[in-house]
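Please read these numbers as outputs of a predicted model, since none were measured by experiment.
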Amino acid sequence: LLNASKTLRVGPSFAGMGDFSVAEDVLKRVLGISVAQATPADLAETVASVSEKSIEDEMALDRERFVCTVNEDVHRRSVRVGLGLRHMLVEGAFTAVSANFLAFDSPEPPVNTVPFLELSKAMSRGIGYGGEGDVLTAALVGTLASAFGEVTFTEIFCPDWRGGSLFLSHMGEINPAVAAETPELIEKPFPFTNALNPAVITCAPRSGPAVFVNLVPGPEDTFSLIVAPVEVLGDTTNEEMRSAVRGWIRPACPMETFLERYSEAGGTHHSALLLGDRLEAMTTFARHAELPVVVIA
């Protein structure tokens, strides 16, 4: 399945995040992942060609599928840039995409915001995603989406030592198909570059069984897969937290044991969260893909 992965990277890989960085020739030779490089400037032509009717139609759809509290101007520019990115993904027949938010640095149209909204929507259509130029995890998410469906890109932000759980989050990317409740569409402050504030969806994944999956680059151009059965916990009752992409998982083993074994196995900080009791399916997938697998259970 990984051999079918064709990934678009918009902007360079994030220089300060080397744990997922793999040379493109190694990705192609070992995993069959092909990578095409683009910049926000490359998006400009397709974004500029997006029709006003397409924008209005997409905004109307958003108002049906999300709770929209976002300012209309913010919503419109996010949809415009997002539809331009969607066109590029369709035209290039890409199965996965990654974007470095720092590459979006202009407040001037046509590409004047980070397309977080479209990156989330892309996952709901089965397109893989990884943040900050992480094409490795993007290809993994795309592969899992094609096989199992309900999967999202995610990241462990911090442990809850008292509660024995792990807090998952990211800047503004989550697959709305995994949401526990109707996602909310909001304006996200963006202080990192001169780009204008984007619209993002915020939600938490549905509670219940899931599998936490990480594709690990190892020594001498090797790769392995970490899979861990987890329980997705219920959403927060803290209203301030509800304006963020969020989720909490509890590993099947003590959380301290999970973190120790995850580190020993070389786990990176970007992963996939696959909803459902899919542990056996994931170990079968690892054998099919000829990937050594570490099960943390």
Side-chain angles (χ1 to χ4, degrees), residues 8 10-11 38-91 97-127 129 131-132 152-153 169-205 235 239-247:
L8 175 67
V10 184
T39 67
D42 295 326
L43 270 175
E45 184 176 349
T46 57
V47 172
S49 68
V50 174
S51 70
E52 290 300 321
K53 183 179 186 307
S54 296
I55 295 171
E56 291 292 342
D57 289 347
E58 186 71 15
M59 291 174 69
L61 280 175
D62 286 350
R63 288 188 284 269
E64 292 177 5
R65 55 195 171 190
F66 308 131
V67 177
C68 291
T69 59
V70 65
N71 177 280
E72 184 169 340
D73 290 341
V74 179
H75 190 187
R76 182 177 298 277
R77 66 171 170 254
S78 291
V79 166
R80 185 187 301 277
V81 177
L83 289 178
L85 175 61
R86 186 182 302 180
H87 177 80
M88 183 175 283
L89 292 173
V90 171
E91 287 295 302
V97 61
S98 183
N100 184 343
F101 65 92
L102 292 177
F104 294 81
D105 57 5
S106 174
E108 301 300 324
V111 184
N112 55 357
T113 194
V114 186
F116 287 127
L117 178 56
E118 181 60 28
L119 294 168
S120 293
K121 291 177 183 176
M123 282 191 278
S124 71
R125 298 194 306 274
I127 302 295
Y129 175 71
E132 289 97 30
T152 188
F153 165 78
S169 189
H170 213 258
M171 187 178 294
E173 312 100 307
I174 187 170
N175 182 353
V178 307
E181 300 176 353
T182 303
E184 184 176 1
L185 186 61
I186 66 169
E187 178 178 352
K188 177 80 172 182
F190 190 77
F192 308 101
T193 73
N194 290 325
L196 302 181
N197 289 348
V200 305
I201 62 168
T202 66
C203 60
D235 198 2
E239 286 300 320
E240 293 182 6
M241 288 291 294
R242 296 181 70 85
S243 63
V245 171
R246 61 200 181 273

K.L.:
What heavy-atom pair brings F116 and P198 nearest, and what distance separates the two atoms?
P.N.:
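Here F116 and P198 meet closest at CD1-CG, 3.7 Å.
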K.L.:
Minimum heavy-atom separation for P110 and A44, please, with both atom names.
P.N.:
CG-O, 3.6 Å
K.L.:
For the residue pair S120 and V200, establish whether any side-chain heavy-atom pair is separated by less than 4.5 Å.
P.N.:
no
K.L.:
Main chain of F190, side chain of N197: is a donor-acceptor contact present, judged purely on distance under 3.5 Å?
P.N.:
yes
K.L.:
Applying salt bridge (Lys or Arg N to Asp or Glu O under 4.0 Å) between E58 and each of R63, K53, K121, report the one that passes.
P.N.:
K121
K.L.:
Taking all heavy atoms of I201 and all of L185, pick out the closest pair and write down the distance.
P.N.:
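The answer is CG2-CD1, 3.7 Å.
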K.L.:
Using side chain to side chain contact (heavy atoms under 4.5 Å, CB included) as the criterion, point out the one residue from R242, M241, R246 that pairs with T202.
P.N.:
R246
K.L.:
Could you tell me if the side chain of D62 sits less than 4.5 Å from the side chain of V70, heavy atoms only?
P.N.:
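No, side chains not in contact.
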K.L.:
Please find the pair of heavy atoms, one from F101 and one from V114, that lie closest to each other, and give the distance.
P.N.:
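Closest heavy-atom pair between F101 and V114: O-CG2, 4.0 Å.
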K.L.:
Examine distances only and state if a side-chain atom of T46 and a backbone atom of L43 form a donor-acceptor pair shorter than 3.5 Å.
P.N.:
yes
K.L.:
Kindly give the heavy-atom pair with the smallest separation between L119 and L85, and that separation in Å.
P.N.:
CD2-CD2, 3.8 Å
K.L.:
Is a side-chain N or O of S169 found less than 3.5 angstrom from the main chain of V245, in a donor-acceptor match?
P.N.:
yes
K.L.:
Within the distance-only criterion (no hydrogens, no angle test), does the side chain of T193 pair as donor or acceptor with the backbone N or O of L102 below 3.5 angstrom?
P.N.:
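The answer is no, because no donor-acceptor pair under 3.5 Å joins these two groups.
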K.L.:
Would you say N175 and S124 make side-chain contact, with heavy atoms under 4.5 Å?
P.N.:
yes
K.L.:
Can you confirm whether P40 sits close enough to V10 that some side-chain heavy atom of one is under 4.5 Å from a side-chain heavy atom of the other?
P.N.:
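SC-SC contact between P40 and V10 confirmed.
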K.L.:
Using 0.5 Å steps for rounding, measure from the CD atom of E118 to the CE atom of M123.
P.N.:
11.0 Å
K.L.:
Verify the distance criterion only: is there a donor paired with an acceptor across the side chains of T39 and D42 at less than 3.5 Å?
P.N.:
yes
K.L.:
Any side-chain heavy atom of F153 within less than 4.5 Å of one from H170?
P.N.:
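Yes, their side chains come closer than 4.5 Å.
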K.L.:
Tell me, do H87 and E45 make a side-chain contact under 4.5 Å, heavy atoms counted?
P.N.:
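Answer no - side chains too far apart.
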K.L.:
Does any non-hydrogen side-chain atom of I186 lie less than 4.5 Å from one of S243?
P.N.:
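They are in contact (side-chain heavy atoms under 4.5 Å apart), so the answer is yes.
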K.L.:
Which heavy atom of F66 sits nearest a heavy atom of P176, and at what distance?
P.N.:
CE2-CB, 4.1 Å
K.L.:
How would you list all residue pairs meeting salt bridge (charged side-chain N to carboxylate O under 4.0 Å, His left out) that involve residues 69-84, not counting sequence neighbours?
P.N.:
E52-R76, E52-R80, E56-R76, E72-R76
K.L.:
Within this structure, what is the OG1-CG distance for the pair T113 and L196, rounded to the nearest 0.5 Å?
P.N.:
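T113 OG1 to L196 CG: 6.0 Å, rounded to 0.5 Å.
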